[in-house]
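None of these values were measured; they are calculated from a predicted model. Atoms within a ligand are numbered from 1 in the order they appear, just like the ligands themselves.
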Amino acid sequence: STVNPLLQVNELSKGFMGIRAVDNFSFAVPHGTVVGIIGPNGAGKTTVFNLISKLYKPDNGRIYLGGQDITDFKPYQANQIGIARTFQNIRLLGNLTVLENVMVTLGTRATYTMVDVILHRRSFQKIEAERLQLANELLKRVGLLHRCNHKASALSYGEQRRLEIVRALATNPKILLMDEPVAGMNRSEKDDLAEFIKSIVSEGVSVLLIEHDMGFVMSICDTIIVLNYGKKIAEGSPALVRQNEEVIEAYLGKN
Ligand code: ATP
């Protein structure tokens with residue numbers, strides 16, 4: 001529905017041996033928006049991503065996507081229902097080419113292929129040709145098409161981060177979780193990525209991102225949520241959050 005948020009997280013908690021990494025945290029990502037989570041190191045941001053992508057089970061709280069309770073889903077089910085993510089530490093298949101990295105991810109849609117072949121009487125060749133075209137289009141949009149036959153390990157850091165984003169998008173997500181997307185990127189790469197994120201959002205993908213680069217966060221996010229010791233200490237528009245005393249004290253003041 002367009003009224004309910006795409007992602008709804010209610011009273012989420014997760015502890016590790018006495019540490020409350022995420023503490024009674026509630027928030028939402030409305031359709032067609034970019035929401036940023038900021039906060040000091042160890043605030044619990046990555047743990048929130050691990051909970052939403054179902055790598056961790058929460059101690060408490062519920063997670064809904066499109067109104068469906070996904071709290072007890074496995075990671076592959078979360079991906080199937082439309083949650084994709086990138087990691088702080090890049091995870092690519094370094095010995096495969098750039099194009100192969102994307103094709104492998106598109107290949108995980110094999111079940112859809114069987115449905116297409118059996119129900120819609122479409123040929124494997126046609127489906128493979130479409131996959132190749134989709135991979136090429138995605139790579140073109142992030143400026144990586146000219147690199148498609150290079151090994152992933154030969155790419156620059158910024159290029160590897162963009163390839164990771166393409167791989168996540170290749171799973172056709174409703175929401176993309178990005179963990180520090182501009183870390184290690186230069187100015188022009190950051191600007192290009194901001195434009196790219198805006199374009200995928202306009203095409204219906206919502207974005208939840210963790211980022212330490214305040215300039216980037218402030219320019220791209222509709223809403224910013226500030227975490228500190230696992231708790232939400234502020235939430236609102238970039239302009240509002242920037243002026244929040246508690247936020248300045250806990251986080252922005254240190255920058
Ligand atoms: P950063 O900005 O440095 O990435 P963060 O906000 O993402 O930090 P988390 O990585 O979520 O913070 O960590 C929150 C707290 O939970 C930290 O104290 C961390 O040590 C702890 N923690 C996270 N994952 C685990 C784990 N698997 N086992 C034990 N403790 C963990």
Side-chain angles (χ1 to χ4, degrees), residues 7-29 34-63 70-76 78-79 83-92 157-158 160-162 164-165 168 175-185 189-190 193-194 197 206-221 223-236 238 241-242 244 246-255:
L7 180 74
Q8 176 75 51
V9 170
N10 289 342
E11 298 173 355
L12 205 60
S13 293
K14 179 71 179 175
F16 301 103
M17 296 169 293
I19 299 166
R20 287 211 146 200
V22 176
D23 194 356
N24 201 29
F25 181 40
S26 301
F27 75 102
V29 178
V34 181
V35 175
I37 302 179
I38 66 171
N41 291 332
K45 305 180 295 294
T46 301
T47 303
V48 170
F49 271 24
N50 287 335
L51 289 164
I52 294 169
S53 57
K54 307 314 307 166
L55 294 179
Y56 292 168
K57 281 192 188 309
D59 299 332
N60 193 40
R62 310 305 301 178
I63 302 167
I70 63 160
T71 314
D72 298 323
F73 273 29
K74 300 270 189 295
Y76 79 91
N79 189 241
I83 297 173
R85 73 177 287 188
T86 65
F87 291 86
Q88 213 171 322
N89 310 316
I90 295 170
R91 299 183 180 191
L92 295 170
Y157 190 70
Q160 292 195 6
R161 296 213 79 102
R162 281 180 281 154
E164 252 222 328
I165 294 165
I175 185 164
L176 177 60
L177 278 46
M178 306 172 97
D179 199 339
E180 299 192 27
V182 299
M185 284 191 177
E189 283 176 322
K190 285 180 195 177
L193 187 64
I197 290 174
S206 301
V207 172
L208 179 65
L209 60 88
I210 294 170
E211 189 50 74
H212 285 289
D213 184 317
M214 281 308 109
F216 187 80
V217 164
M218 296 286 169
S219 71
I220 193 103
C221 293
T223 302
I224 294 173
I225 294 162
V226 189
L227 270 188
N228 197 22
Y229 296 109
K231 282 190 201 302
K232 180 163 70 180
I233 61 168
E235 176 172 18
V241 163
R242 196 191 267 128
N244 184 299
E246 209 180 341
V247 175
I248 293 166
E249 173 109 358
Y251 185 51
L252 293 177
K254 288 179 195 156
N255 280 0

- Task: Answer yes or no: are there more than 12 heavy-atom neighbours, outside Tyr229 itself, under 6.0 Å from its atom OH?
- Result: no

- Task: Could you tell me whether Glu180 and Arg161 have a side-chain N and a carboxylate O separated by less than 4.0 Å?
- Result: no

- Query: Would Asp72 and Arg62 pass as an ion pair if we require N to O under 4.0 Å?
  - Reply: yes

Suppose we measure from [atom] to each protein heavy atom; which comes out shortest, and what is that distance?
| atom | result |
| --- | --- |
| atom 23 (C) of ligand 1 | Phe16 CE1, 3.4 Å |
| atom 16 (O) of ligand 1 | Ala21 CB, 3.3 Å |
| atom 4 (O) of ligand 1 | Gln88 OE1, 3.5 Å |
| atom 3 (O) of ligand 1 | Asn41 OD1, 3.3 Å |

- Message: For His212, state whether at least one heavy atom is located under 4.0 Å from any atom of ligand 1.
- Response: yes

- Is there a heavy atom in Tyr56 that sits closer than 4.0 Å to ligand 1? yes

- Counting each atom of ligand 1 from 1 as listed, which ones have a heavy atom of Lys45 under 4.0 Å away? 1 (P), 2 (O), 5 (P), 6 (O), 7 (O), 8 (O), 11 (O), 12 (O)

- Query: Of all the atoms in ligand 1, which lie at a distance below 4.0 Å from a heavy atom belonging to Ala43?
  - Reply: 5 (P), 6 (O), 12 (O)

So, is [X] polar-close to ligand 1, with some N/O to N/O distance under 3.5 Å?
| X | answer |
| --- | --- |
| Ile19 | no |
| Thr47 | yes |
| Gly44 | yes |
| Gly42 | yes |

- Item | Nearest protein heavy atom under 4.0 Å from atom 25 (C) of ligand 1, yes or no | yes

- Message: Can you confirm whether some protein heavy atom lies under 4.0 Å from atom 20 (O) of ligand 1, or whether none does?
- Response: no

- Query: Side-chain contact, heavy-atom cut-off 4.5 Å: Thr223 with Glu235?
  - Reply: yes

- Message: With heavy-atom distances below 4.5 Å as the criterion, would you say the side chains of Glu164 and Leu92 are in contact?
- Response: yes

For [X] versus [Y], what's the shortest heavy-atom pair and its separation?
| X | Y | result |
| --- | --- | --- |
| Lys57 | Leu51 | C-CD2, 3.7 Å |
| Ile83 | Ile52 | CD1-O, 3.8 Å |
| Leu176 | Ala168 | CD1-CB, 3.5 Å |

- Item | Within 45° cone and under 6.0 Å: Lys14 NZ/CZ vs Tyr56 ring | yes

- Message: Met178 and side chain to side chain contact (heavy atoms under 4.5 Å, CB included): which single residue from Leu208, Val34, Ile165, Ile210 fits?
- Response: Ile165

- Query: Out of Ile37, Asn50, Thr46, Val22, who gets a non-hydrogen atom closest to atom 7 (O) of ligand 1?
  - Reply: Thr46

